[in-house]
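Report on the structure given below.
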Protein chains: 2
Amino acid sequence: MTSRKTIGPTAAGDARERIVLAASKVFAAKGYGQASTREICKLAEVNVASIHYYFGDKASLYRELFTIPEQAVQLPTELDDPTTSLIDGLSAFYQHVMGFVLASESSSQLRLLFLREQVEPSGLLEPDRVGIIGLYHAQLVRFLSLHLELETADSGVHQLAFTLLGMAMVFYVERATVQRLTPGLIGSQHEVDETVIRLVSHASGAVNAERERRQEEPK
Amino acid sequence: MTSRKTIGPTAAGDARERIVLAASKVFAAKGYGQASTREICKLAEVNVASIHYYFGDKASLYRELFTIPEQAVQLPTELDDPTTSLIDGLSAFYQHVMGFVLASESSSQLRLLFLREQVEPSGLLEPDRVGIIGLYHAQLVRFLSLHLELETADSGVHQLAFTLLGMAMVFYVERATVQRLTPGLIGSQHEVDETVIRLVSHASGAVNAERERRQEEPK
DNA sequence: TTCAATCAAGCAAGCGCTTGAATTAAGCGA
DNA sequence: TCGCTTAATTCAAGCGCTTGCTTGATTGAA
C-alpha cells in the first residue's frame, strides 16, 4: 500500500515527510485533541485524504511521531561515566536539558510534543510507556546513588531526582510565566548559560542537603 | 433575567450550582477545548439549554469558575511574617503546596483547573492575569529576599524562587509518573509528610547554595 | 497501459448554541 | 379555597458549523 520503492509523480515522495513535519508542529502547539487534520494538511500543503492514504487515521499519524524518538531522546552521556564529578554531572545535565528551552524550531519540536504527552497523555500510546521524564529520572537516580554512595536507590534518592528534574521542568511548563515575571532567565543563549550555572549551584546544594540528612538519621 | 429572589419550580434553584460543580470537574479533567457542554449538562443532570440560560455561553461558564478563587488561592501566611525562620517558612510553604496533592476531590478540583489554565492557557481570561504560580512566586521572592538580606530582588532570587516552586510542581504536573516510578512519595498523608520533610531539606540546601554563591562573587 | 499519488466532494457525527413550547411554583383577587 | 395570571425554569428539537474520514474520479511518471 505504502511502498516507497518507487517515488511519486509530481516532485518527490516527500509528501509523507511534510505531513509528519506539519503534524509535529500542530500537535505540539495545540495538543492531540485540538489539532485538526485539515490544519495539518493545509500546513503540509497536501490534500486532506493524504493522512488516510499514508497513515490510516489521525491517531496513527500521532503515534508515528513517537516512533522516531531514539535520536531525539539522547541522554547526556556524562552522567553514566563513573569518573564524572557531582558538579560536572549536574552541569552536563542542566546544559543538556535547558538546551532546548531556546530555539522553538524543529529540533525542540519533538521534545515539546513529548513533554505535552507527558503532561497531558492522549491515551493513544501504550499506557505503561516510559516517557522522557522517566528516562531522565532513571539516569539521575543512577548518578545520585553513585555520588551518595548507596547500594540500592531508596525513596530519598528517587525524590531527590524528582527535585532536580522539577527545577528544570518549571522552565518548560511555566515558560510563559517565567518570561513574564522574570525576563532575563531564558531569553538568550547567554542568559540560559547563567541560569544553568545557578541551577547547578542550587542542585548541588540540594544534593549536599540530602547527604547530610542521611548522616543525621542513618536509621 | 436570572433574579434569584424566587426559587424555581421543581426542587430548588441548585441547577446553576450543579452546572458549576460539573463544569469544574469536566474542565479540570479534559481542558476547555476537549470538554463538551453536553457532557457537562449530562453530569449536572440539566438540559443543554441551561448553560445558555444561566451563563450565556461555554466561555462565560468557564470564566465563572475563575471568579471564585479568593478562598482557593490562599497563600501560607507564615512566609510574610518577618520572624519566621528559613526552615519554618520553607516547611510552611511545602506543607501548604503539597497539601493538595492528595484528595483529588472537590477541594483540589479548582486547583487542578487553575494549574491547567496555567500550563495551557485557554486564552479566555485576561491575558495579563497573574496565575497561582505568579502569586506563590511573588511571595517566595519576598521571603527569600528577606532571608538572603537583599534590598532588591535580582534575577538570582527570582530563579531561586522558581527552583523551589519547580521542586513541588513536579509532583503535580508529573503526578502519574511519580506514582508509577516511585510509589511511596505521595500515596498517603504520612508519605506526603515524609516527602515534605525532604523537600524542606533540599530547598534549604538550595537556598544556602545561593547564599554562598553570592558571597563568592558579590560583584 | 499500469498504478501510486492526488484531488474535490461529501458523509455521519459531534460541536456550541438557539428556539418556541411545555412545565411549574408563586402571586392574587374573589 | 378556587381559578387565573405571571414569570422563572426546563425541555425536545434543530440550526449552522467543524470534525475525522471516505469515495470515486483524475493525474502523471514508469
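Here is the naming used below: chain letters follow the sequence lines, and residue numbers restart at 1 for every chain.
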Could you tell me the separation between the [atom1] atom of [X] and the [atom2] atom of [N], rounded to a whole number of Å?
X      : N       : atom1 : atom2 : answer
E39(B) : dC15(C) : CD    : C1'   : 13 Å
E45(B) : dT9(D)  : CD    : P     : 19 Å
Q34(B) : dG20(D) : CD    : P     : 10 Å
R38(B) : dG16(C) : CZ    : P     : 7 Å
K42(B) : dC11(D) : NZ    : P     : 15 Å
R16(B) : dA8(D)  : CZ    : P     : 15 Å
Y53(B) : dA21(C) : OH    : P     : 17 Å
R18(A) : dA5(C)  : CZ    : C1'   : 12 Å

Is there a donor-acceptor contact under 3.5 Å from the side chain of H147(A) to the main chain of T84(A)?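 Pair found, side chain donor or acceptor close to backbone of T84(A).
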N/O donor-acceptor pair under 3.5 Å between R116(B) side chain and A29(B) backbone: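 Answer holds: yes.
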Classify A35(B) by what it touches in the nucleic acid, base, sugar-phosphate, or nothing, heavy-atom distance under 4.0 Å.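 Sugar-phosphate, backbone atoms only, no base.
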Pick base, sugar-phosphate or nothing for D57(A), based on heavy-atom distances below 4.0 Å to the nucleic acid.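 It contacts sugar-phosphate atoms only.
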Look at the aromatic rings of Y136(A) and F93(A) and report parallel, tilted or perpendicular, splitting at 30° and 60°.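 Perpendicular, since the angle between the ring planes exceeds 60°.
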Looking at [X], I'd like to know whether one of its side-chain N or O atoms comes within less than 4.0 Å of OP1 or OP2 on [N].
X      : N       : value
H52(A) : dT22(D) : yes
Y54(A) : dT6(C)  : yes
N47(A) : dA8(C)  : yes

From F114(A), Y62(A), F66(A), residue fulfilling ring pair (Phe, Tyr, Trp, His ring centres under 6.0 Å) relative to F27(A):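 It is Y62(A); the other options fail the test.
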Closest to the T37(B) side chain, choosing from dT10(D), dT19(D), dG16(C):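 Closest nucleotide among those given: dG16(C).
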Which value, rounded to the nearest 0.5 Å, describes the distance between L21(A) atom CG and L43(A) atom CG?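 It comes to 7.5 Å.
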Could you check A49(B) against G56(A) and say which one's nearest nucleotide on DNA chain D is further toward the 5' end?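 Residue closer to the 5' terminus by nearest nucleotide: A49(B).
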